[in-house]
Amino acid sequence: MAQIDWDSLGFDAYRTRTVVLAHYQDGAWSDIELSETFSFTIDPFTQGLHYAISCFEGLKAFRQRDGSIAIFRPDKNAARLARTAAFIGMPAPTESMFIKMCELCVQNNLEFLPPYGHQASLYLRPLLFAPHPQMQLVPYPEAIFAVMCAPAGSYYGAHLRSAAAVIPGDFDRAAPKGTGSYKLSANYAGTFVPYQIAHQQGYAELLYLNSATREFVDEFGSSNFFGIKGGNTYVTPLSDSVLPSITNLTLQECAADFGMMVEKRPVPLDELDEFEEAGGCGTAVVITPMSHIDIKPVLREPLVTRTFRYEPDGEVGPVCTRLYKRITGIQFGEIEDVHGWCYKL
């Protein structure tokens, strides 16, 4: 194995040693397998390829300060995967099977788990997809569940540094009563081009509004939105088209631990002007504080019709800093895990 520079890790595909697999067929899951081939052999008519019948999760394993290894809240990821699988008519692993396969993935790729002290983790990517060759638009009771991993550092190349976001007037993320609250692979396909355009213009993130009326904040392309109001209130959107983020749930509980009020409710667009701090949160990004958020009627055009400013570029507010230190402190075993969030291997 090549020597890894743990301090320069970004967030990307990285070939590790072992993938953990199971196959659902004829009403039952196969025995769990460990594979080092790092490839799938599938039929050209596979439903997962033609109709995007696939979903995934993202969670992390950490080397803690005392040398132990912990996976962060895997039970929540198992439940979310099961909810998504039910939505598209796929069989899902049980919670115990999900956690067992994540545990095996970590144990069989230990050389890729970053040591403590580098603000890095082993990112786990459980994937569930339909391998059956089929042209009909109906579910088929067959699935492959695979857990793979990659060492990961900061999603944007720097930990806890504020970035700019843009609200595009000509792109939506999810339709009302659609798939937005499920972690479907297909949900991310529509963000690739808008992200490419936004990144070329210096924006790190896209903030989407509700597509029905475009009056309320939904979420970022990669993560949930939250805002800090009055220094003591954590606000996050309540919307049927927002993915239920486990990191957001954790931050809400951290905010409550600090004695803050937590409000999960519709967030009108104009309220962006009332927050002292704002950010995105998710497994990959943890917290991405926003320096400012621009509104652009047409993403490709230079016209900005409104700007919501929170911090000078690169700087981070006190509440985002405190929340980030709280969640990462628990993940790395530096703070007592009073809620029992860390699953120890």
Using 30° and 60° as the class limits, which term best fits the ring planes of [X] and [Y]: parallel, tilted or perpendicular?
X	Y	result
H50	F45	parallel
Y140	H132	parallel
H199	Y195	tilted

Item to check | CA sep, side-chain torsions, deciding dist, call: L209, R173, side-chain contact (heavy atoms from CB on, under 4.5 Å) | outcome: CA-CA 8 Å; L209 305 179; R173 177 187 169 271; over 6 Å; no

Roughly how far, to the nearest 0.5 Å, is [atom2] of [Y] from [atom1] of [X]?
X	Y	atom1	atom2	value
I167	L269	CD1	CG	5.0 Å
I32	C105	CD1	SG	11.5 Å
Y203	Q201	OH	CD	6.0 Å
K325	F332	NZ	CZ	14.0 Å
R125	C102	CZ	SG	12.0 Å
E219	T236	CD	OG1	9.0 Å

Backbone N or O of [Y] within a donor-acceptor pair of the [X] side chain at under 3.5 Å?
X	Y	answer
D5	D7	yes
S223	F220	no
S291	A163	yes
K296	E301	yes
Q47	V138	yes
T233	G230	no
N210	F216	yes
S162	E315	yes
D337	C342	yes
E205	G280	no

Got a salt bridge between [X] and [Y], using NZ or NE/NH1/NH2 to carboxylate O under 4.0 Å?
X	Y	value
D273	R306	yes
D313	R309	yes
E271	R265	yes
E263	K229	no
E334	R63	no

Checklist entry - Taking it one step at a time, do F129 and F40 satisfy ring-ring contact (aromatic ring centres under 6.0 Å, His included)? => result CA-CA 12 Å; F129 72 94; F40 294 129; 5.4 Å; yes

Does any non-hydrogen side-chain atom of [Y] lie less than 4.5 Å from one of [X]?
X	Y	answer
F72	L59	no
M260	Y234	yes
L128	I144	no
K60	V286	yes
R326	I335	yes

Using the rule that two of Ile, Leu, Val, Met, Phe, Trp, Tyr join whenever any of their side-chain heavy atoms come within less than 4.5 Å, decide whether [X] and [Y] are in one cluster.
X	Y	answer
L113	L34	yes
M148	L49	yes
M97	L127	no
L207	V267	yes
L323	F62	yes

Checklist entry - Going by atom types alone, do D240 and S181 pair a side-chain donor with an acceptor below 3.5 Å? => result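 Not at all, the side chains of D240 and S181 share no donor-acceptor pair under 3.5 Å.
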
Next on the checklist: Using a 6.0 Å distance limit plus a 45 degree cone around the ring axis, check whether R83 lies over the aromatic ring of Y182.
Outcome noted: yes

Next on the checklist: Against the six-membered ring of F112, is R17 placed for a cation-pi contact (under 6.0 Å from the centre, within 45° of the normal)?
Outcome noted: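 The answer is no, since R17 fails at least one limit relative to F112.
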
Checklist entry - Would the number of heavy atoms belonging to other residues, nucleotides or ligands and lying under 6.0 Å from CD of Q200 be above 12? => result yes

Next on the checklist: Counting only heavy atoms not in D31 (residues, nucleotides, ligands), do more than 12 fall under 6.0 Å from its CG?
Outcome noted: no

Checklist outcome for this item: When T18, I69, L345 are each screened for side-chain contact (heavy atoms from CB on, under 4.5 Å) with L110, the one that passes is I69

Next on the checklist: As a test of understanding, state which of I228, V316, L272 forms a side-chain contact (heavy atoms from CB on, under 4.5 Å) with Y310.
Outcome noted: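 With Y310 as partner, I228, V316, L272 yield a single side-chain contact (heavy atoms from CB on, under 4.5 Å), made by L272.
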
Checklist entry - Would Y208 and F171 count as a ring-ring contact (aromatic ring centres under 6.0 Å, His included) if you check the C-alpha gap in whole Å, the side-chain angles of each, and the deciding distance to 0.1 Å? => result CA-CA 8 Å; Y208 290 99; F171 289 97; 7.9 Å; no

Checklist entry - Taking E57 as the fixed residue, which of K183, K76, R80 is the one that meets the side chain to side chain donor-acceptor pair (under 3.5 Å) rule? => result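 Testing E57 for a side chain to side chain donor-acceptor pair (under 3.5 Å) against K183, K76, R80 leaves exactly one candidate, R80.
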
Item to check | Residues Y24, F145; criterion side-chain contact (heavy atoms from CB on, under 4.5 Å); working and verdict | outcome: CA-CA 8 Å; Y24 185 93; F145 181 54; over 6 Å; no

Next on the checklist: Test side-chain contact (heavy atoms from CB on, under 4.5 Å) on C320 and F226; report intermediate values, then the result.
Outcome noted: CA-CA 10 Å; C320 283; F226 70 92; 3.8 Å; yes

Item to check | Audit row: L249, T247, side-chain contact (heavy atoms from CB on, under 4.5 Å) steps and yes/no | outcome: CA-CA 5 Å; L249 173 65; T247 303; over 6 Å; no

